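What follows is one structure encoded as structure tokens, with my remarks underneath.
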Amino acid sequence: MDFKPMFIKIGSTRDISAMSLIEIMVAMGIGCVILAVIGSMTLWSGQSFAAMANYSDLDNASRNALDRMTREIRQVQGLNTYTDNSSQKELALVDYDGQPLYFRYDKTEQTLKRVKSGVSETLLKDCTLLNFNLYQRNNVSNTFNQYQVASGTNASLTCKVIQINWICSRKLLPTDLINSESVQTAKIVIRNQ
Amino acid sequence: MKINPSIRGAFTLIEVVISILVCGIVFISLYAGMSQGFKVTQISRENLRATQVMVERLESIRLNTFDQLNSPGFVPTQAVNEPYYAVNSNDNGGFNYSVTVTISNAPMTTSYSDDLKLVDVRVTWTSTGLLRTRAMSTLIARHGLQAYVY
């Protein structure tokens, strides 16, 4: 039995030659460009979609809160007291059924809560800014504003209009990479006052 | 064992150029599609704020008496700017809506048409290089909704 060495014939020597330096550099360049495009696009789209998801979530809560507040404040009997101190802003109303109704903004927790009959509901979270402005019924000439309710005496009797504005915002990262904001404003006229 | 040289052959220049073109078109289309989606969302937010501004105006106007509506200058008819961001916001990146209120005679010829006024609130703003307009209209009657106030 004869044993012969086995040779594999692979075309010509040109076929098995490695890539030249130029080819490698061009290939690396193209690869880097493609990777950079894919990377930046992934990062950008990821951030944008996350910001949109945040906005959608905030806006959903904000519009729900605004709808409820508009409906409920319109039908209250009137304002009882308004409090604004270092920790909270509180709108104490007399509801249509005579029961007290509170809308309480906690500045530390950044939440807006509705409280009635001992039941507390959180209407808003991540609420970074919230203002209540109280107005009387008479319009100021040549403006769309009403006279502001004088603080202290008879505030509850003269308050006819409650203006609310707030901003809910959420950061994508604590380092403030992208900030999603939902802005809401409303001027609500108390119908029964 | 002989390997067919055609299998080992590298891409030709034409193939590389075409593949880069295809990749480019895919990425550009993807980017344009997503950008357009985000732009639509942004315009939707602006529309929502514009609606809130208009509703606020109409709420204020409903507190006027019919005589005040007929009194020239009592309700401002010149354009007034309203910021996108609420008062006291730290965000300065917003823009202003230009709000115009027009009060005119009711568009009808009935016996009671003199007791009606047409109030038109129009909001304009510029977004993505385009001038955008939204409007709301309402009829206010002499003995209508505002009468419950007084």
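What you see is a predicted model, and the numbers here were worked out from it, not measured in a lab.
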Note, V99(B) side chain near F144(A) side chain (heavy atom, < 4.5 Å): no
(message) Contact between R62(B) and V189(A) at the side-chain level, heavy atoms closer than 4.5 Å - yes or no?
(response) no
Closest heavy-atom pair, G73(B) versus S141(A), reported as atoms and distance to 0.1 Å, is O-OG, 4.2 Å
Expected contact set for residues 55-81 of chain A against chain B at heavy-atom separation under 4.5 Å reads Y55(A), D59(A), R63(A), L66(A), R74(A)
Whatever's closer than 4.5 Å to a heavy atom in chain A on V101(B) counts as side chain
Is there a side-chain contact between Q184(A) and R49(B), using heavy atoms and a 4.5 Å cut-off?
no
If one checks every heavy atom of L48(B) against chain A at 4.5 Å, the contacting part turns out to be side chain
Of all heavy-atom pairs linking S60(B) and N139(A), the shortest is O-ND2, 3.5 Å
message = Taking R137(A) first and then E59(B), would you say they form a salt bridge - that is, a charged N and a carboxylate O separated by under 4.0 Å?
response = no
So the salt bridge (Lys or Arg N to Asp or Glu O under 4.0 Å) pairs with at least one residue in residues 75-103 of chain A (sequence neighbours excluded) are D84(A)-K107(A), E90(A)-R104(A), D95(A)-K116(A), D97(A)-K116(A)
Donor-acceptor pairs under 3.5 Å, side chain of residues 117-124 of chain B to any protein atom, not counting sequence neighbours: which ones?
from	atom 1	to	atom 2	distance (Å)
K117(B)	NZ	N70(B)	OD1	3.3
K117(B)	NZ	N105(B)	OD1	2.8
D120(B)	OD1	S137(B)	OG	2.8

Listed by number, the residues in residues 32-46 of chain B that come under 4.5 Å of chain A (heavy atom to heavy atom) are M34(B), S35(B), F38(B), T41(B), R45(B)
